[in-house]
Amino acid sequence: MATPGVGRSPDHEAWWRSAVVYQIYPRSFADSDGDGVGDLTGIVEHLDHIQELGIDVIWLSPVYRSPQRDNGYDVSDYQAVDPLFGTLEDLDRLLAAVHLRGMRLIMDLVVNHTSDQHPWFLASRGSRDVATSGWYFWRDARPGTVPGEPGSEPNNWGSSFAGSAWTWAPERGQYYLHLFSASQPDLNWDNPETREAVFTMMDWWLDRGVDGFRMDVINFISKDPRLPDGPLTRDGYGDGMPYFSHGPRIHAYLAEMKSRVFDPRPGSYLTVGEMPGVTPEQAREFTDRDRGQLAMVFQYEHVSLDADGDKWTQRRMSVNDLRDTLSRWQTALGDTGWNSLYWNNHDQPRVVSRYGNDATYWRESATALATVLHLHRGTPYVYQGEEIGMTNAEFAGIDDYRDIESLDYYARAVGTHREDVSVVLDTLRRRSRDNARTPMQWSAAPGAGFTTGSPWIGVNANHSWLNVASQRGVPGSIYEYYRALIALRHRLPAVVDGHFAAVETGRDQIYAFRRHLGDTALTVYANLSDQPVSLDRKDRLARDLVLANYPASRRDPDRLEPWEVRVYVR
Ligand code: TEU
């Protein structure tokens, strides 16, 4: 059992405001036993890499027992480690090793839904006279319809992956709700027993020494009790988001969680709520320093700028849109709330391929985007592989894909809508979540140093040159640039607490902003385009440069090269 100490902080001190978080997707990080799937021992063996980067906290995506229908975001036992990843003892060893290095570890809390193989659901599905009968959303078929037949679902909501959000359970004679796949039934948080079971499970992990939680779609836990039909969408189903994202009891349930689980404990914990659809105003309320229920939230606006309506419909991201949305979130949360800062995670395509230019300006665009993100006000997240500039997978065919969301999309687009296969595959190459899930590229060896076996998903062929071994300790590499960027946050209070102000340069390609704290001002100029751009006289700062991604020999004071970034402090 992990000992309190390292990781514990004075009561309720917001230590996470100056922290940098590293997200690990265990399936794809490091495989220690050659079965082609990453595991906990593989993580322990690579903690040097993370510590050397300057990371303060590790976010571990789910490792709980799970049928792995959605790669662990379908939990069948919250207090057991899936044998795929190892054992509870392995997790304790990882936790102890992380704390020994002065770092912290947060778990992924997936409690909007369980797996349909969780004993709670298996019992609930089987009978209405069991303790967990009311722990899920069971409803009769729509009156006047044939139960189980399309159109007899209790309402018209579509699931986030594909099809209806309801599935008929003949043994119970009712439908159950699942906002994601049918193997992920939603928990009914309106039932106090359900909430208490979740809080008890959280206590169990905190007693084990974990330092907080990333909370999966936590703004979906309160539904409008009427469960009304939603406005029709392109795929013929109703959009239920207005009735379950930011539901009527969301603040009450998160406040109850805070007072029941966290407040009674010494020290403070990192709690970050993943909240699709959350607005700046709502985020400010959730993260309000005095009244809030969470340390921070994950919002989606800046990672939806190249989607037109739904995630599969593409449009070009504009720097103006990016500037506007990032500035708005900085200003809206201001001194009251707190932002999380991320480009990548296990659900998003790789940013260097998506917003950057991974062909002509790979290193420059990766480092420019990193600098813009990390020097905003908030807590930055680095997703595994981002620190070496890993790119999208460029998979050739549908057999290369593993992600339930991508396979559902392909089946619908090609099967139902008869779309051109090459067009759909092209869309997947740019949008699929599997782009983020290819194995970590440790070396140029076969299996990329990730595994000696056959990987559960294809290794990106560019691991032959794009890997940790070819960047660690190499001046000018993306890895060494991330180290410098993270070190700047640890040494300069203005990066942590400086007030944000956008800087107008009159250039569409340039994103410039200032952070000021007391008499320290940090100014960032970034050209987020493939073309060089001239600088106005007022922006031609000649001194106090503390970080740049172009060598001095290639820096022209009057202009910024493609994807060039400069950071000044005075
Ligand atoms: O993601 C929530 C979510 O909204 C995603 O489905 C997102 O919209 C989509 O992936 C974008 O392509 C969380 C987890 O991060 C995700 O991995 C899970 O699949 C999902 O919840 C269900 O647990």
Side-chain angles (χ1 to χ4, degrees), residues 21 23-28 59-64 66-76 78 106-118 121 157-163 165 177-187 213-221 233 235 239-241 244-246 272-278 297-314 340 342-351 354 381 383-384 392 401-410 412-413 427-437 457:
V21 184
Q23 180 193 358
I24 291 180
Y25 194 68
R27 286 183 82 91
S28 304
W59 154 23
L60 191 59
S61 272
V63 293
Y64 314 102
S66 161
Q68 302 292 326
R69 295 299 314 283
D70 186 15
N71 290 358
Y73 283 92
D74 50 319
V75 180
S76 56
Y78 289 104
I106 65 172
M107 297 286 279
D108 211 311
L109 185 74
V110 187
V111 290
N112 170 71
H113 46 267
T114 68
S115 160
D116 62 351
Q117 299 309 304
H118 193 294
F121 183 74
W157 293 358
S159 126
S160 188
F161 292 154
L177 176 69
H178 50 85
L179 296 182
F180 293 91
S181 76
S183 56
Q184 294 163 297
D186 278 53
L187 279 170
F213 295 99
R214 176 265 186 190
M215 304 180 184
D216 194 60
V217 283
I218 203 72
N219 62 328
F220 290 1
I221 61 177
T233 62
D235 64 2
D239 175 13
M241 277 285 268
F244 61 70
S245 78
H246 207 72
V272 52
E274 182 207 25
M275 293 194 169
V278 70
V297 301
F298 285 133
Q299 54 96 1
Y300 277 63
E301 285 187 20
H302 64 302
V303 290
S304 311
L305 297 173
D306 57 352
D308 189 5
D310 72 39
K311 71 169 277 174
W312 306 111
T313 314
Q314 285 269 288
S340 68
Y342 74 96
W343 287 131
N344 294 292
N345 60 34
H346 61 292
D347 290 337
Q348 302 296 332
R350 295 278 182 183
V351 74
R354 179 186 192 181
Y381 289 73
Y383 177 65
Q384 66 184 48
N392 280 351
Y401 290 89
R402 303 285 178 274
D403 168 34
I404 184 173
E405 183 188 56
S406 303
L407 296 173
D408 281 346
Y409 165 69
Y410 182 89
R412 233 170 333 127
T427 301
L428 283 175
R429 263 188 290 279
R430 280 180 278 127
R431 306 297 296 159
S432 170
R433 305 191 300 179
D434 278 338
N435 283 308
R437 300 174 180 188
I457 190 168

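All ligand and atom numbering here is 1-based and tracks the order in the structure. None of these values were measured; they are calculated from a predicted model.
Here M275 has no heavy atoms under 4.0 Å from ligand 1, in either its backbone or its side chain. Counting heavy atoms under 4.0 Å from ligand 1, residue F161 touches it through the side chain alone. Under 4.0 angstrom from ligand 1, the non-hydrogen atoms of E274 all belong to its side chain.
Note: no N/O pair closer than 3.5 Å links Q348 and ligand 1 by distance alone.
With rounding to the nearest 0.5 Å, the separation of CG in D186 from CG in N112 is 4.5 Å.
Of the candidates N71, D108, D216, it is D216 that places a heavy atom closest to atom 13 (C) of ligand 1. Comparing L179, D74, D70 against atom 18 (C) of ligand 1, the shortest heavy-atom distance belongs to D70.
For S160 (side chain) and F180 (main-chain N/O), no donor-acceptor pair under 3.5 Å exists by modelled atom type.
A salt bridge links D108 with R214; the closest basic N to acidic carboxylate O contact falls under 4.0 Å.
The shortest side-chain heavy-atom distance between R350 and Y383 falls under the 4.5 Å cut-off.
Residue contacts with ligand 1: H178 is excluded, as none of its non-hydrogen atoms falls under 4.0 Å.
The aromatic ring centres of F220 and W157 sit 6.0 Å or more apart.
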